[in-house]
Novice: 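Let me begin by handing over the structure; questions about it come next.
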Amino acid sequence: MSFPLLTATAALPAIGAIATAAVPAAQRTAAKWLALIVSLGTLVLAGIVFARFEPGGDRYQLTESHAWIKDFGVRYELGVDGIGVALLALTALLIPFVILAGWHDADPLETKSSRWRPTQGFFALILMVEAMVILSFEATDVFLFYILFEAMLIPMYFLIGGFGDRAHTGSDENAAAQRSYAAVKFLLYNLAGGLIMLAAVIGLYVVAGSFSLSEIAEARANGSLEMASSTERWLFLGFFFAFAVKAPLWPLHTWLPNAMGEATTPVAVLITAVVDKVGTFAMLRFCLQLFPEASKWATPVILVLALISIIYGALLAVGQRDIKRLIAYASISHFGFIVLGIFAMTSQGQSGATLYMVNHGLSTAALMLVAGFLITRRGSRLIADYGGVQKVAPVLAGTFLIGGLATLSLPGLAPFVSEFLVLVGAFSAYPVVGIIATVGIVLAALYVLVLYQRTMTGPVTEAVRSMPDLKVRELAVALPLIALLIFLGVFPKPLTEVVNPAVQHTMNDVQKKDPQPEVEAAK
């Protein structure tokens, strides 16, 4: 029996979470180092998974399959395709940076009680989220995926509600109330989506007699599975609604700005750069693969929702006064691009959407984490409380600028490649949609450059005059992310050669081919 590499990649952070939570209360530093070492070990395992994946091989590789709940046909089935392995690697890569960035975010303000262990709990919850997200990218059993999809809400709820942003401008009571509101809103929105998805999962089992993606695909191929159009559409809507909440897609997005604004900066990165990717990933793996005809039927409406997300999120980002909420609304706009690429149903669009998931994770992590370092120094999230930072902390300002330029998809940085592919794929199939989507690029330049101008340039305000520049730990977070953004911006091949075969499989599922350009015959 071969070594269960996929299980090990998810099991290590889960075991590490339990071990971190068990560290004695007085040993906060030991708990931090344990969490960091576990996350680095997970990154090594994820690197092995990425290296062993063969782009030209089977669709799902490194597979594992074991009976779990026999009476209901539920199996513990794992496997990764090119899309899953890319997002698995992204998750494992970002968690060490999240831990380093949040090194002091959960230290208790008072040390009178030796029983309360917020530091241990904070890092244990992060590792638990990592384990569940990684396993969700590996799951090829629909019921197993559903359990993970819902279970990850629990540690995220406690991370948002129990460890809030200490740069809150109001009173402690108001900060606690806002934190509680954001956590409950996050939970209720995602639980509602999950309950609707549960009904669709049960309906799928009634129709298909299985939860296994491979078995359902085989039944479709040999004609033994026939699904009425109305049934397929209802099941598709149940799945898509849950994924659109998680993504988040307009108008199901309103929980995100509250959650990112009230959470600590590392947790905000965990939300938008890691957890939300599960929603867009699931659209590719489950919606298009299980319900190809319904996916094509719903495409016109979904493209409209994606366009609204792009424009609406960017417009609200332009008008924000809070740095973290600005980045949150920018992420809503970016997720609109991802959904647009998925449902344009062209190979360029879907490749671009997958690359966008990875590159958005890197660029948002870089921008948000450096913004968190800035906010920690000043103690405020309001843009108006800054000015002239580049004169007193040039390295901080420089890394902030590069993160911002990546967010607006500047050529030479990784997000440009993915956004360009999404727009090319959308324009080739739906020219009007592609043209309207480009408005989001203009608005992105506006909100990023205005943010930089108001915080980093101009006269030095009194409050930032003594602001220190980035320290060694903070540089260890920011510089590798910036290096990756530059590397993948000029050489995206390591990702594209892994992603493209998986995208072609998805295109075959929905029986779509890229539109051919019309060429006038020579006279």
Side-chain angles (χ1 to χ4, degrees), residues 83 240 243-244 247-251 253 279-281 283-284 287-288 292 295-318 329-360 363 405-448 489 492 495-496 499-500 503-504 506-507 510-520:
I83 299 169
F240 180 80
F243 303 152
L249 185 69
W250 184 93
H253 67 285
T280 46
F281 162 79
M283 291 179 189
L284 281 165
C287 286
L288 270 61
S295 298
K296 290 186 282 189
W297 162 76
T299 288
V301 174
I302 294 173
L303 291 180
V304 171
L305 296 179
L307 284 178
I308 295 174
S309 291
I310 292 169
I311 308 300
Y312 173 84
L315 284 173
L316 288 186
V318 171
Y329 280 110
S331 291
I332 292 170
S333 181
H334 295 147
F335 276 104
F337 276 107
I338 295 171
V339 175
L340 174 63
I342 292 171
F343 283 89
M345 295 196 185
T346 60
S347 58
Q348 299 98 331
Q350 292 191 356
S351 293
T354 304
L355 291 178
Y356 215 129
M357 286 187 254
V358 176
N359 295 333
H360 171 265
S363 62
L405 293 176
T407 298
L408 63 82
S409 299
L410 183 77
L413 296 174
F416 170 77
V417 179
S418 45
E419 193 165 282
F420 178 78
L421 286 174
V422 166
L423 291 173
V424 168
F427 186 82
S428 63
Y430 305 95
V432 175
V433 171
I435 292 170
I436 296 173
T438 57
V439 176
I441 301 176
V442 178
L443 293 174
L446 182 60
Y447 61 69
V448 168
L495 285 178
T496 55
V499 166
N500 287 342
V503 166
Q504 192 55 54
T506 305
M507 293 287 289
V510 294
Q511 298 179 348
K512 295 282 287 186
K513 294 183 179 179
D514 291 330
Q516 297 299 316
E518 297 180 3
V519 181
E520 294 184 4

Novice: With a 4.5 Å heavy-atom cut-off, do Phe335 and Leu249 have their side chains touching?
Specialist: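 A side-chain contact is absent here, since even the closest heavy-atom pair is not under 4.5 Å.
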
Novice: Rounded to the nearest 0.5 Å, how far does CD1 of Ile338 lie from CZ of Phe281?
Specialist: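 Between atom CZ of Phe281 and atom CD1 of Ile338 there are 13.5 Å.
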
Novice: So does Thr407 get a backbone contact from the side chain of Ser363, meaning a donor-acceptor N/O pair under 3.5 Å?
Specialist: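 Not at all, since once roles are kept as given, no pair shorter than 3.5 Å links the two residues.
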
Novice: Taking all heavy atoms of Ala330 and all of Ala317, pick out the closest pair and write down the distance.
Specialist: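 Closest heavy-atom pair between Ala330 and Ala317: N-CB, 4.0 Å.
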
Novice: Counting C-beta onward and ignoring hydrogens, is there a side-chain heavy-atom pair between Leu284 and Met357 closer than 4.5 Å?
Specialist: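 They are in side-chain contact.
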
Novice: Indicate every side-chain donor-acceptor pair of residues 304-315 with a distance under 3.5 Å to a residue at least two apart or in another chain.
Specialist:
unit_1, atom_1, unit_2, atom_2, d
Ser309, OG, Trp250, N, 2.9
Ser309, OG, Leu305, O, 3.2

Novice: With a 4.5 Å limit on heavy-atom distance, are the side chains of Pro415 and His334 in contact?
Specialist: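 The answer is no, as the side chains (C-beta and beyond) never meet within the 4.5 Å cut-off.
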
Novice: Mind checking side chain to side chain donor-acceptor pair (under 3.5 Å) for Ser333 and listing every partner two or more places apart, or none if nothing turns up?
Specialist: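 Partners of Ser333 by the side chain to side chain donor-acceptor pair (under 3.5 Å) criterion come out as none, since no residue qualifies.
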
Novice: Quick one: closest heavy-atom pair of Ser347 and Val503, and the distance?
Specialist: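 In this case the closest contact between Ser347 and Val503 is O-CG1, 3.7 Å.
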
Novice: How long is the straight-line distance from NE2 of His360 back to OG of Ser331, given to the nearest 0.5 Å?
Specialist: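 Atom-to-atom, Ser331:OG and His360:NE2 are 3.5 Å apart.
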
Novice: Report the residues that fulfil ring-ring contact (aromatic ring centres under 6.0 Å, His included) with Phe240, sequence neighbours left out, ordered by chain and then residue number.
Specialist: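 Result, ring-ring contact (aromatic ring centres under 6.0 Å, His included) vs Phe240: Phe236, Phe343.
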
Novice: Which pairs, with at least one residue in residues 412-423 and sequence neighbours excluded, count as a side chain to side chain donor-acceptor pair (under 3.5 Å)?
Specialist: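 Sorted result for residues 412-423: Tyr356-Glu419, Asn359-Ser418, Ser409-Glu419.
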
Novice: Heavy atoms, side chains only, cut-off 4.5 Å: are Leu303 and Leu340 in contact?
Specialist: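 Contact flag for Leu303/Leu340 side chains = yes.
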
Novice: Which heavy-atom pair separates Pro248 from His253 by the least distance, and what is that distance?
Specialist: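 Closest approach of Pro248 to His253: CB-CA, 3.7 Å.
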
Novice: About how many Å separate CD1 of Ile302 and CD1 of Ile342, when rounded to the nearest 0.5 Å?
Specialist: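 The CD1 atom of Ile342 sits 9.5 Å away from the CD1 atom of Ile302.
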
Novice: Got a sec, which residues hit side chain to side chain donor-acceptor pair (under 3.5 Å) with Thr354, two or more places apart in sequence or on another chain?
Specialist: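 Counting only residues at least two positions away or on another chain, Thr354 forms no side chain to side chain donor-acceptor pair (under 3.5 Å).
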
Novice: Any idea which heavy atoms bring Phe243 and Gly279 closest together, and the distance?
Specialist: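 Distance-wise, the nearest heavy atoms are CB-O, 3.5 Å.
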
Novice: Could you measure the distance from the CG atom of Asn500 to the CD1 atom of Ile83? Nearest 0.5 Å is fine.
Specialist: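 The CD1 atom of Ile83 is 10.0 Å from CG of Asn500, to the nearest 0.5 Å.
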
Novice: Do Leu288 and Gln350 have side chains that get closer than 4.5 Å, going by heavy atoms?
Specialist: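 They are in contact (side-chain heavy atoms under 4.5 Å apart), so the answer is yes.
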
Novice: How long is the straight-line distance from CG of Leu443 back to OH of Tyr329, given to the nearest 0.5 Å?
Specialist: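 That separation rounds to 15.0 Å.
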
Novice: With a cut-off of 3.5 Å and sequence neighbours excluded, list every side-chain donor-acceptor pair involving residues 421-437.
Specialist:
unit_1, atom_1, unit_2, atom_2, d
Ser428, OG, Val424, O, 3.3
Ser428, OG, Gly425, O, 2.9

